[in-house]
2 protein chains.
Amino acid sequence: MTSVALVDDHELLRTGLMAIINSFEGFKVVMEADNGKQFTEKVKSKTPPDIVLLDITMPVMDGYETSSWIKTNLPQTKVLVLSMLENDTAIIRMLKNGARGYILKDSKPKVFKDALDSIRDSGYFINELVSNKLMHYINHEEVFEGDAFALNSLSENESTFLKWICTEKTYKEIADEMCLSPRTIDTYRDNLFKKLDVKTRVGLAIFAIKNGIVNI
Amino acid sequence: MTSVALVDDHELLRTGLMAIINSFEGFKVVMEADNGKQFTEKVKSKTPPDIVLLDITMPVMDGYETSSWIKTNLPQTKVLVLSMLENDTAIIRMLKNGARGYILKDSKPKVFKDALDSIRDSGYFINELVSNKLMHYINHEEVFEGDAFALNSLSENESTFLKWICTEKTYKEIADEMCLSPRTIDTYRDNLFKKLDVKTRVGLAIFAIKNGIVNI
DNA sequence: CAAAAAACGGGTGAAAACACCGTTTTTTTA
DNA sequence: TAAAAAAACGGTGTTTTCACCCGTTTTTTG
């Protein structure tokens, strides 16, 4: 019997997932958590699950952090990402952080069953989504280093700044909010323009929303 | 036995929902559809369901349209909205379009059961989410007329314009794309600022994304 | 048909955003 | 502890955005 943990902040989705997984031969849901932090705490007092079904966009501790944590602290446990994010950045980043597979939330149940079987049997689930991104990554690694993985290299302040970007405040007002000089804010913006390969504030806002840095 | 139809483009969620609903005493899922259009076609050859569980954000024909269609074509059928949108605009608009209740996708299953029971028994499910918005609507109707329902009064061009807003193009470039004078684009922007009660382009972009006018 | 509303186009000036130049201070790390 | 890297800050000028004024043409509506 393969044990599965569900880590997702949507309780209704979790309930549905549990019903489905428990109906699969040989799988059983043994743990649920609202976010990564809660998972790390719950797993202390239990046998680690074989597979963790992991969402990315979650409060407190998101999927990226959680996958990294599992990779180092529970090396036997395999992560299957279940997300609605379909962009290169998210997929490659999760794979880098140790995920064994990546499926979308609007997948058909069969895909879902295949993924679980494959991860249990071979340790990985390489679908078209993943293989495409992997191939692209192999051939354009430098692009990802400078672009997709820019997300990883965002500083605390830059993330905070991106949150403010998605408001109607001017840069001067953002400087006040962050207790920094407007010049510094200018530098943040210019650096992010380069890092994220955008040219305008709207570009920054879209990036922040796309990548779950801000939840709207 | 109360018959239920599921209209949502996330098949996995639908499957989970079906498992849950069928486990409820007295409810049975009799129909599924990927979007509103598919529902209107499928329902032609069947007995209309008692309750439609309806998502808002869907391709082809969204929840707003679908609810309106049901209101006029299937007056016996009651709509329960199941969405992840939590903003005033979406909630009030769906209620205006005939929805009998509104619950969030991350609700607990109990809430979900309560909602179905309440709609079957009383025709409505008034939770805090809905009552708050209703009360606010009663007291600030004029605000909603000019704000929340601005969404309904967006012209074709304004919607197109909002899509361009969420890009890195300047207004001049947008004018070129839309084959209009930059002055006209200026007017569009100023009108939308008033209608949507925002002050900057970022505000417009956030509105457009929040309300599903652009999919990022 | 006349009035009203909506769409389109226009000018000006101020504010904000952006580009590019730089220095000083703090933190890292070799 | 000295060198390197990163973070904070600064000036200047251009482009874009925004606010407020306006008239004309087309469409809608009573």
Side-chain angles (χ1 to χ4, degrees), chain A residues 142 145-147 149-210 213-214, chain B residues 141-210 213-214:
Chain A
E142 69 292 346
E145 294 303 338
D147 187 274
F149 290 103
L151 199 63
N152 284 315
S153 70
L154 290 186
S155 71
E156 198 67 26
N157 266 357
E158 282 176 330
S159 292
T160 308
F161 175 63
L162 278 178
K163 290 194 178 75
W164 286 112
I165 277 289
C166 299
T167 69
E168 300 204 297
K169 291 200 186 292
T170 67
Y171 287 116
K172 194 163 151 30
E173 289 168 336
I174 294 175
D176 285 344
E177 292 286 353
M178 293 181 68
C179 299
L180 290 169
S181 153
R183 299 299 166 188
T184 305
I185 293 297
D186 251 37
T187 309
Y188 281 16
R189 183 197 56 216
D190 293 347
N191 286 341
L192 286 174
F193 279 172
K194 286 196 187 73
K195 269 195 206 178
L196 310 178
D197 193 33
V198 297
K199 295 191 302 292
T200 67
R201 178 162 173 173
V202 170
L204 290 180
I206 302 291
F207 175 89
I209 295 166
K210 245 185 191 163
I213 293 167
V214 289
Chain B
E141 193 156 358
E142 70 290 347
V143 177
F144 278 94
E145 293 303 339
D147 187 274
F149 290 103
L151 199 63
N152 284 314
S153 71
L154 289 186
S155 70
E156 198 66 24
N157 267 355
E158 282 175 329
S159 293
T160 307
F161 174 63
L162 278 178
K163 290 193 179 74
W164 286 112
I165 277 288
C166 298
T167 70
E168 299 204 297
K169 290 197 187 294
T170 67
Y171 288 115
K172 191 163 154 33
E173 288 167 338
I174 295 174
D176 285 345
E177 292 286 352
M178 294 181 67
C179 299
L180 290 169
S181 154
R183 298 296 165 192
T184 305
I185 292 296
D186 252 36
T187 309
Y188 281 15
R189 183 197 55 214
D190 293 346
N191 286 342
L192 285 174
F193 279 171
K194 285 196 189 70
K195 269 195 204 177
L196 309 179
D197 192 31
V198 297
K199 297 190 301 291
T200 68
R201 178 161 173 176
V202 170
L204 290 180
I206 301 290
F207 175 89
I209 295 166
K210 246 186 191 164
I213 294 167
V214 289

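From a predicted model like this one, the values you see are computed outputs, not experimental measurements.
Judged by closest nucleotide on DNA chain C, B/L180 is the one of B/L180 and A/D190 placed further toward the 5' end. Comparing A/F193 and B/Y188 against DNA chain C, the residue whose closest nucleotide sits nearer the 5' end is B/Y188.
Nearest heavy atom pair, residue B/M178 against residue B/I185, reads SD-CD1, 4.1 Å. When all heavy atoms are compared, the tightest approach of A/E168 to A/E173 is O-OE1, 4.4 Å.
Phosphate contact (OP1/OP2 of D/dA8, side-chain N/O of A/T187, threshold under 4.0 Å): absent. For C/dA15, the OP1/OP2 oxygens have no side-chain nitrogen or oxygen of A/Y171 closer than 4.0 Å. Of the side-chain N and O atoms in A/T170, none sit less than 4.0 angstrom from OP1 or OP2 of C/dA16. Applying the 4.0 Å criterion to OP1 and OP2 of D/dT17, one finds that B/R201 has a side-chain N or O inside that range.
Computed from coordinates, the B/I165 CD1 to D/dT16 P distance equals 15 Å when rounded to whole Å. In this structure, NZ of B/K195 is placed 11 Å from C1' of C/dA7, rounded to the nearest angstrom. One can place CD1 of A/I185 at 12 Å from P of D/dG10, the figure rounded to the nearest angstrom. Atom-to-atom, CG of A/D186 to P of D/dG13 comes out at 16 Å; the value is rounded to the nearest Å. Taking atom NZ on A/K194 and atom C1' on D/dA7, their separation rounds to 15 Å, with Å as the unit. Distance A/E168 CD to D/dA19 P: 10 Å, rounded to the nearest Å. Remark: P of C/dC18 and NZ of B/K172 are 18 Å apart, rounded to the nearest angstrom. Atom CD of A/E156 and atom C1' of C/dT27 are 17 Å apart (whole Å).
Within a 6.0 Å radius of NZ in B/K163, more than 12 heavy atoms belonging to other residues, nucleotides or ligands are found.
With D/dA7, D/dC18, C/dC8 as the candidates, the nucleotide lying closest to the side chain of B/N157 is C/dC8. The side chain of A/S181 has D/dG10 as its nearest neighbour among D/dT17, C/dC8, D/dG10.
Distance check, rounded to the nearest 0.5 Å: CD1 of A/I174 to CG of A/L180 gives 11.0 Å.
With contacts defined as side-chain heavy-atom distances shorter than 4.5 Å, the pair B/Y171/B/D176 does not qualify.
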